[in-house]
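Residue numbers start at 1 and run along the sequence shown. What you are looking at is a predicted structure, and each value in this text was computed from that prediction instead of being measured.
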Amino acid sequence: MKRVLVWFVRGYQRVISPLFPPSCRYYPTCSSYMVTALQKHGAIKGLLMGTARILRCNPFVPGGYDPVPDYFTLKRNRQTQSAK
């Protein structure tokens, strides 16, 4: 299941993403975050973490560096918030 989800995200990165201008507020991008979360936390938790990250990406958030944490959470990585 995890491999299929990673395959879909990679397909999005190669086919759909180049059609639009870069507009991601975070680094790494949301699609890269999703792939890393899937690989690190498995299909269900990784999908939840990636979806939460996509939902956080809006004009009211400052964005910035937000790597995938080593533990499961649906919130932004707190270590990087305090580093500001």
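In this structure R56 satisfies the side chain to side chain donor-acceptor pair (under 3.5 Å) test together with D66, sequence neighbours excluded. Residues passing the salt bridge (Lys or Arg N to Asp or Glu O under 4.0 Å) test with K2: none are found, sequence neighbours excluded. Scanning for side chain to side chain donor-acceptor pair (under 3.5 Å) contacts around N58 gives an empty result, with sequence neighbours left out. Scored by the side chain to side chain donor-acceptor pair (under 3.5 Å) test, S32 finds T29 as partners (sequence neighbours excluded).
A 4.5 Å side-chain heavy-atom check between M34 and I54 finds at least one atom pair inside the cut-off. Side chains of R53 and L74 form no contact here, defined as non-hydrogen atoms less than 4.5 Å apart. Put simply, the side chain of C30 does not reach to within 4.5 Å of the side chain of R25, judged on heavy atoms.
Linking Ile, Leu, Val, Met, Phe, Trp and Tyr whenever their side-chain heavy atoms come within less than 4.5 Å puts Y33 and F72 in one cluster.
The two residues Y26 and C57 make their nearest non-hydrogen contact at CE1-CA, 4.1 Å. Residues M1 and A43 approach most closely at CG-CB, 3.8 Å, considering heavy atoms.
The aromatic rings of Y65 and Y27 sit parallel to each other, their planes meeting at less than 30°, with 60° as the upper class boundary.
If you take CG on L48 and CG on L38, they are separated by 10.0 Å, rounding to the nearest 0.5 Å.
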Kindly list each side-chain donor-acceptor pair under 3.5 angstrom involving residues 13-20, sequence neighbours excluded, with atom names and distances?
residue, atom, partner, partner atom, Å
Q13, OE1, R10, NH1, 3.3
Q13, NE2, S31, OG, 3.0

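Legend: salt bridge (Lys or Arg N to Asp or Glu O under 4.0 Å) pairs involving residues 31-46, not counting sequence neighbours, sorted by first then second residue: K40-D70.
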